[in-house]
There are 2 protein chains.
Amino acid sequence: MTDIDSVVAESNRRLDAIDRKILTVLQQDASLSVAEIGDRVGLSSTPCWKRIQRLEADGVIIKRVALVDQDKIGLGLSVFVSIESGDHSDAWLKTFADAVSAMPEVIEFYRMAGDVDYMLRVVVADMRAYDQFYKKLIGTVPLKNVTSRFAMEKIKSVTALPVPPMPVS
Amino acid sequence: MTDIDSVVAESNRRLDAIDRKILTVLQQDASLSVAEIGDRVGLSSTPCWKRIQRLEADGVIIKRVALVDQDKIGLGLSVFVSIESGDHSDAWLKTFADAVSAMPEVIEFYRMAGDVDYMLRVVVADMRAYDQFYKKLIGTVPLKNVTSRFAMEKIKSVTALPVPPMPVS
DNA sequence: GGTGAAAATTTCGAAGG
DNA sequence: CCTTCGAAATTTTCACC
């Protein structure tokens with residue numbers, strides 16, 4: 001997927017109701033056999049397989065991954081970090097974005113509208129590890145204000161997005 | 001996994017270096033064959049397969065899922081929502097947690113330490129859809145304060161947690 | 001688009017060091 | 001706990017509706 005095909009493949013075909021069902025199923029459980037998925041969406045395995053291939057070629061399905069229990073690998077602490085950067089050049093911004101993106105503790109990183117400029121979700125082992133991360137963060141580039149909010153309890157965390165119903169046409 | 005076995009299976013064996021490698025690989029790409037994973041971690045397929053089975057039985061690997069491109073299914077807007085609930089009973093809290101957890105737009109939902117009581121990450125199609133969500137949220141239970149922060153740009157978003165190196169023993 | 005079945009891979013378990 | 005080997009299941013392709 002590094003040649004012309006990858007561009008051609010990115011056709012933005014509208015997703016029909018069956019594609020949406022497939023996405024809903026695969027977001028929940030990607031270990032199902034194609035035949036099983038076909039059953040659930042009312043298709044036999046070949047057409048179901050073709051649709052999945054196409055959804056992957058189109059980039060609708062990004063990839064398949066295993067989800068790992070945060071606590072079981074000793075990463076007990078989730079932190080939401082709000083950053084005010086102050087006024088900066090495009091070059092500064094790129095440096096900042098690249099540096100933060102490269103930190104493996106950073107699971108999510110968004111540029112925001114409004115009072116906060118950037119928002120991070122960071123996962124670390126404990127407070128000590130967070131302190132190290134924090135020092136690394138503020139040591140990388142100058143920042144106007146950084147606020148850390150610590151999670152006490154994960155009530156819900158999913159990767160499955162709510163696939164919208166098909167537009168009426 | 002609904003009987004005694006599920007309890008027995010939840011043994012908390014310490015993960016060795018190879019298990020950690022397997023987790024790192026599978027968090028990145030769960031579509032690889034067992035033989036391919038074995039190659040990458042220096043194992044032939046049977047022992048690699050057994051380790052993966054065990055990591056699943058132990059709940060270290062929670063599940064395998066497909067990741068879907070948010071924009072390609074028309075969910076263009078990510079919102080971080082900070083909630084101050086004020087003082088409330090345990091019963092209130094359960095009602096609140098259940099109601100919010102049941103909303104499919106809520107991708108993450110944490111109880112926080114400090115000034116903010118709860119933090120949500122919400123994914124919706126657009127501002128109009130967010131307004132509907134917001135009304136649903138504040139209509140469900142009384143809340144002292146709700147702050148919505150809108151993402152302009154997703155700079156990084158991953159599901160792979162940084163598996164810590166094996167403790168020195 | 002869809003069906004059904006053959007070919008190519010992969011998974012999973014047995015036997016043994 | 002690992003390796004090799006093979007049966008069973010699944011994925012993927014193909015010829016045809």
Side-chain angles (χ1 to χ4, degrees), chain A residues 1 5-6 8-68 72 163 165-167 169, chain B residues 1 5-6 8-68 72 163 165-167 169:
Chain A
M1 289 280 288
D5 290 336
S6 66
V8 175
E10 296 269 347
S11 71
N12 256 0
R13 172 179 52 106
R14 246 168 98 277
L15 305 171
D16 68 14
I18 296 179
D19 287 330
R20 289 166 199 266
K21 277 193 197 173
I22 291 173
L23 292 176
T24 301
V25 172
L26 276 179
Q27 283 192 109
Q28 219 64 48
D29 187 354
S31 71
L32 298 170
S33 72
V34 175
E36 171 64 27
I37 299 164
D39 273 358
R40 298 202 191 177
V41 305
L43 238 47
S44 56
S45 68
T46 301
C48 185
W49 180 81
K50 282 183 181 170
R51 280 170 181 264
I52 294 170
Q53 292 304 305
R54 185 154 186 192
L55 289 166
E56 285 172 347
D58 289 353
V60 179
I61 294 172
I62 300 166
K63 58 178 175 175
R64 292 146 184 271
V65 301
L67 302 180
V68 167
K72 294 224 163 118
V163 184
M166 216 177 40
S169 178
Chain B
M1 289 283 287
D5 289 336
S6 66
V8 176
E10 295 270 347
S11 71
N12 259 2
R13 172 180 52 106
R14 240 165 106 279
L15 305 171
D16 68 12
I18 296 179
D19 286 330
R20 289 166 200 265
K21 278 193 195 172
I22 291 173
L23 291 177
T24 301
V25 171
L26 276 179
Q27 283 192 109
Q28 220 63 48
D29 187 355
S31 71
L32 298 170
S33 71
V34 174
E36 171 65 26
I37 298 164
D39 273 356
R40 298 202 190 176
V41 305
L43 239 47
S44 58
S45 70
T46 302
C48 184
W49 178 78
K50 280 185 181 166
R51 280 169 182 265
I52 294 170
Q53 292 303 305
R54 185 156 185 188
L55 289 166
E56 286 173 346
D58 289 354
V60 178
I61 294 173
I62 300 167
K63 58 178 175 176
R64 293 146 182 272
V65 301
L67 301 181
V68 166
K72 294 223 164 119
V163 184
M166 217 178 40
S169 178

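FYI, side chains are in, hydrogens and waters are out, and symmetry mates aren't considered; it's all heavy atoms of this structure. A, B, ... follow the sequence lines: proteins, then strands. Residue 1 opens every chain.
Nearest heavy atom pair, residue B:Ala66 against residue A:Ala30, reads N-CB, 3.6 Å. Here the closest heavy-atom approach between residue A:Ser45 and residue A:Val34 is recorded as O-CG1, 3.4 Å. Looking at every heavy atom in both residues, A:Leu15 comes nearest to A:Asp19 through CA-OD2, 3.9 Å.
Checked against side chain to side chain contact (heavy atoms under 4.5 Å, CB included), A:Pro167 has the following partners two or more places apart in sequence or in another chain: A:Arg14, A:Arg20. Taking the side chain to side chain donor-acceptor pair (under 3.5 Å) definition, one finds that B:Ser31 meets it with B:Asp29, sequence neighbours left out. Not counting sequence neighbours, the partners of A:Arg64 by the salt bridge (Lys or Arg N to Asp or Glu O under 4.0 Å) test are A:Glu56.
The side chain of A:Ser44 contributes an N or O atom lying less than 4.0 Å from OP1 or OP2 of C:dT3. For D:dC1, neither phosphate oxygen OP1 nor OP2 lies less than 4.0 angstrom from any side-chain nitrogen or oxygen of B:Arg51.
From one end of the helix from C:dG1-D:dC17 to C:dG17-D:dC1 to the other, with five pairs defining each end axis, the axis direction shifts by 20° (rounded to 10°).
Among residues at least two apart or in separate chains, salt bridge (charged side-chain N to carboxylate O under 4.0 Å, His left out) pairs with a member in residues 39-50 of chain B are B:Glu36-B:Arg40.
Contact check for B:Leu55 versus B:Leu26: no side-chain heavy atoms found under the 4.5 Å cut-off.
Residue A:Pro47 is the one, among A:Pro47 and B:Leu32, whose nearest nucleotide of DNA chain C lies closer to the 5' end (criterion: closest heavy atom).
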Atom pairs under 3.5 Å: protein N/O with N/O of nucleotides 13-17 of chain D:
residue: D:dT13; atom: O4; partner: A:Thr46; partner atom: OG1; Å: 3.2

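Rounding to whole angstrom units, CD1 of residue A:Ile22 and C1' of C:dG1 are separated by 13 Å. If you take CZ of B:Arg14 and C1' of D:dC1, they are 17 Å apart, rounded to a whole angstrom. Look at CZ on A:Arg54: it is 18 Å from P on D:dT12, rounded to the nearest Å. Atom CD1 in A:Ile52 sits roughly 9 Å away from atom P in D:dT12 (whole-Å rounding).
The only option from B:Val41, B:Thr46, B:Leu43 that meets the side-chain contact (heavy atoms from CB on, under 4.5 Å) definition with B:Arg51 turns out to be B:Leu43.
Under the 3.5 Å distance criterion, the side-chain polar atoms of A:Asp58 are left unmatched by any main-chain donor or acceptor of A:Val60.
Using a 4.0 Å cutoff on non-hydrogen atoms, the parts of residues 34-43 of chain B near DNA chain D are B:Leu43, ordered by number.
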Could you walk me through whether A:Val163 and B:Val68 satisfy the side chain to side chain contact (heavy atoms under 4.5 Å, CB included) test, starting with their C-alpha distance in whole Å, then the side-chain angles of each, then the deciding distance to 0.1 Å, before giving a yes or no? CA-CA 9 Å; A:Val163 184; B:Val68 166; 5.8 Å; no

